[in-house]
Amino acid sequence: MEETIEKILRKYPAGKKDSLIPLLQDIQREAGHLSDNSILEVSRYMNIPLNKIYGVASFYDQFKFRKKGRYHLQICHGTACHIYRSSLFQAEIEKTLQVKAGQTTKDGRFSLDVVNCLGACSSAPTLFINETPYGNLTLEHLQKILSEIKDTND
Ligand code: FES
């Protein structure tokens, strides 16, 4: 892991503060999250205080501070999805996979995030599992999807 961070850091000139966001994006993409250790390394390399980096990273939804599950579920609560009672879908996911919004299961299989819009409003209500969108979701369809991912050996 440290090698990955080092490799990413070397792509950017030390201390060039304009590079902070692309650098964090690279770490997020490679590692799946920004660990405390990676933020510490960035802070030393870029000579930017830790609290400033946490401040920047917290501002953007794209940055996550915890490792996502192998199945990363994102349920949308934007206006279009909310109309279709997306909170019921969230409750079903939480109950079936035993994971709360903002958390990852202890075995690292499932994580759940609530987001404001997935850019697929015309297919509301919408769920993403990793990069795969599931639109026009019904409770029955959701239960089938959850049952499939729950029963795989991944
Ligand atoms: S509001 Fe849910 S995808 Fe846009």
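One-based numbering, in listed order, for ligands and for the atoms of each. Remember, predicted model here, so these are calculated numbers, not experimental data. These values consider heavy atoms only, across backbone and side chains, with no hydrogens, waters or symmetry-generated copies.
In the model, Q62 has a side-chain atom that pairs as donor or acceptor with a side-chain atom of Q25 under 3.5 Å. Between the side chains of N116 and H77, no donor-acceptor pair of N or O atoms lies under 3.5 Å.
Between the side chain of T126 and the backbone N or O of C76, no donor-acceptor pair lies under 3.5 Å.
Remark: D113 engages R66 in a salt bridge, criterion side-chain N to carboxylate O under 4.0 Å.
Its side chain within the 4.5 Å cluster rule, L118 clusters with V115, F128 among the Ile, Leu, Val, Met, Phe, Trp and Tyr residues.
The shortest non-hydrogen separation linking K64 to G32 is CB-O, 4.5 Å.
Less than 2.8 Å away from atom 2 (Fe) of ligand 1, the protein contributes these N/O/S atoms: C76 SG, C81 SG.
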